[in-house]
Amino acid sequence: MAHLSDLVNLNLSDSSEKIIAEYIWIGGSGMDVRSKARTLSGPVDDPSKLPKWNYDGSSTGQAPGEDSEVILYPQAIFKDPFRRGNNILVICDCYTPAGEPIPTNKRHNAAKIFSNPNVVVEEPWYGLEQEYTLLQKEINWPLGWPIGGFPGPQGPYYCGIGCGKAFGRDIVDAHYKACIYAGINISGINGEVMPGQWEFQVGPSVGIASGDELWAARYILERITEIAGVVVSFDPKPIPGDWNGAGAHTNYSTKSMRNEGGYEVIKKAIEKLGLRHKEHIAAYGEGNERRLTGRHETADINTFKWGVANRGASIRVGRDTEKEGKGYFEDRRPASNMDPYVVTSMIAETTILWNP
């Protein structure tokens, strides 16, 4: 008699050319990832060859009940680490039946910015640092924390190892390997300053691909924590008080910044970002004011400042960039729940296309 695990792990290619495509999209809150699966007649490696699909937008807060159909447009394909074989994950964005992007479709506008010839020629690179917190399911309290109580103060947990310092490493390593399997350009992981908090990095990725890859990585993380019976939180300040918040630091460079003389280009770009500080903050994630307090390695939300190797600044420039006179910088303002399509395209639009 077959066990459930045997059936879950069936290799479809032993008996069929058919594959399963998991269509993934972002729901009405802007952070609720949704998905459903369909059967295709054979392997597909180009999103333009995938059929469009639809779903009930009234059940996701994205359409009224009397006209609820929302259309999914396939945009990026990744290998499926859960079903494996030729099965795939499909990142989609969402449109009305008339072909208009719905209000929660942030990818559409980002794609327009990244396809602008002036942006294309600059080849914008991004490295996204996604922090998140693992919570005990029944009580929504960080993994490894005593129920109703607190662990020892921050200090030993950042990149820590050992019992009492690192909580949830099996989930983190499973996610790391699953992302590599999927074809996501995940570049590393580490334990964060608050116990129960972790980070993974995606990139360097060019343009719109950075958003596609981060959303796919978030989806995989949600699925793994579902299996593990743990809750993942992207709240920028999950625990009030003297604990670090969770951000999504965004590392950025253009071809001009990476070439000789790039440091001057970087300084001009940072000046532009300072002029639009309020606009960026408004788009950098919900609840960010609870995180950007001027403490816990942040700059105050109402203050824009930059510095070399300064983790209390809005924008940090690395020592190597200053020394070599070229390279990249880090925007430390985005919250952990930011939309990468919004943040990456806004940085490109401000630094490349905008003329103050």
Side-chain angles (χ1 to χ4, degrees), residues 29 31-33 81 127-180 184 186-202 214-250 284-298 311-312 330 332-338 340:
S29 75
M31 274 302 292
D32 55 320
V33 181
L128 305 177
E129 304 176 24
Q130 176 69 71
E131 295 179 344
Y132 60 94
T133 308
L134 297 174
L135 305 176
Q136 301 169 60
K137 183 175 68 172
E138 304 300 336
I139 56 174
N140 273 357
W141 198 238
L143 207 63
W145 289 37
I147 295 174
F150 297 88
Q154 294 181 157
Y157 311 109
Y158 172 68
C159 297
I161 59 169
C163 183
K165 298 174 191 170
F167 309 104
R169 191 183 296 277
D170 53 348
I171 293 170
V172 174
D173 277 349
H175 176 251
Y176 195 1
K177 289 184 176 181
C179 285
I180 291 175
I184 294 166
I186 187 170
S187 48
I189 53 116
N190 61 268
E192 265 305 329
V193 177
M194 190 182 87
Q197 198 174 79
W198 294 82
E199 174 183 299
F200 66 88
Q201 302 93 32
V202 167
L214 189 67
W215 276 115
R218 284 175 171 175
Y219 170 83
I220 290 171
L221 181 58
E222 293 258 23
R223 285 286 307 276
I224 289 172
T225 53
E226 173 191 324
I227 294 166
V230 170
V231 174
V232 58
S233 170
F234 295 104
D235 190 284
K237 188 73 173 180
I239 304 296
D242 197 17
W243 304 98
N244 270 40
H249 302 154
T250 300
Y284 273 17
E286 294 295 322
N288 212 8
E289 72 283 350
R290 294 183 280 116
R291 166 180 164 262
L292 297 181
T293 61
R295 301 181 62 215
H296 305 108
E297 299 181 287
T298 70
R311 282 182 163 77
E330 175 191 46
R332 296 179 60 80
R333 297 171 294 172
S336 50
N337 59 5
M338 64 84 162

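Here the structure is a predicted model, which means the values were calculated and not measured.
Remark: Gln201 CD to Leu128 CG distance equals 10.0 Å, nearest 0.5 Å. Rounding to the nearest 0.5 Å places CD1 of Ile184 at 4.0 Å from CD1 of Ile220. Interatomic distance, OH of Tyr284 versus CG of Asn337, reported as 13.5 Å (0.5 Å rounding). Taking NE2 of His249 as the start and CD of Glu199 as the end, the distance is 7.5 Å to the nearest 0.5 Å. Note: Ser233 OG to Ile239 CD1 = 8.5 Å, rounded to the nearest 0.5 Å.
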Determine, step by step, whether Tyr176 and Ile180 satisfy the side chain to side chain contact (heavy atoms under 4.5 Å, CB included) criterion, reporting the C-alpha distance in whole Å, the side-chain angles of both residues, the deciding distance to 0.1 Å, and the verdict.
CA-CA 7 Å; Tyr176 195 1; Ile180 291 175; 3.9 Å; yes
Trace of the side chain to side chain contact (heavy atoms under 4.5 Å, CB included) decision for Thr250 with Met338:
CA-CA 10 Å; Thr250 300; Met338 64 84 162; 4.1 Å; yes
Working note: Glu286 + Met31, criterion side chain to side chain contact (heavy atoms under 4.5 Å, CB included); need CA distance, chi angles, decisive distance, verdict.
CA-CA 10 Å; Glu286 294 295 322; Met31 274 302 292; over 6 Å; no
Determine, stepwise, if the pair Val232 / Glu222 fulfils side chain to side chain contact (heavy atoms under 4.5 Å, CB included).
CA-CA 7 Å; Val232 58; Glu222 293 258 23; 3.7 Å; yes
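Listed for the His175 side chain is no donor-acceptor partner under 3.5 Å among the backbone atoms of Thr225. Looking only at distances, a side-chain donor or acceptor of Glu131 sits under 3.5 Å from a matching main-chain atom of Gly247. Using a distance-only test at 3.5 Å, with no hydrogens or angles considered, no donor-acceptor pair links the side chain of Arg169 to the main chain of Gly191. In terms of modelled atom types and a separation under 3.5 Å, the side chain of Thr298 and the main chain of Leu292 share no donor-acceptor contact.
A heavy-atom distance below 4.5 Å is not found between the side chains of Ile224 and Val230. Residues Ile171 and Trp198 have side chains not in contact (no heavy-atom distance under 4.5 Å, counting atoms from C-beta outward).
Across all non-hydrogen atoms, the minimal contact from Pro236 to Asn288 is CG-N, 4.2 Å. Contact detail for Pro340 and Arg218: the closest heavy-atom pair is CD-NH1, 3.7 Å. The minimum heavy-atom distance between Trp243 and His296, with the atom names listed, is N-NE2, 3.6 Å. Taking both residues in full, the closest heavy atoms of Pro238 and Met194 are given as CG-CE, 4.0 Å, listed atom of the first, atom of the second, then distance.
For Tyr132, there are no side chain to side chain donor-acceptor pair (under 3.5 Å) partners two or more places apart in sequence or in a different chain. Considering only residues two or more places apart in sequence or on other chains, Phe167 meets the ring-ring contact (aromatic ring centres under 6.0 Å, His included) condition with none of them. Taking the side chain to side chain donor-acceptor pair (under 3.5 Å) definition, one finds that Arg295 meets it with Asp242, sequence neighbours left out. Every side chain to side chain donor-acceptor pair (under 3.5 Å) that Arg290 has, sequence neighbours left out, goes to Asp235.
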Hey, can you pull the donor-acceptor pairs under 3.5 Å for the side chains in residues 133-140, sequence neighbours left out?
| unit_1 | atom_1 | unit_2 | atom_2 | d |
| --- | --- | --- | --- | --- |
| Thr133 | OG1 | Gln197 | NE2 | 3.3 |
| Gln136 | NE2 | Pro142 | O | 2.8 |
| Gln136 | NE2 | Trp145 | O | 3.1 |

Without placing hydrogens or testing angles, list every side-chain donor-acceptor pair under 3.5 Å for residues 146-161, not counting sequence neighbours.
| unit_1 | atom_1 | unit_2 | atom_2 | d |
| --- | --- | --- | --- | --- |
| Gln154 | OE1 | Asn244 | N | 2.7 |
| Gln154 | NE2 | Asn244 | OD1 | 3.1 |
| Tyr157 | OH | Gly152 | N | 3.3 |
| Tyr157 | OH | Gly152 | O | 2.8 |

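Using modelled atom types, one finds a donor on one side chain and an acceptor on the other under 3.5 Å when comparing Glu192 with Asn190.
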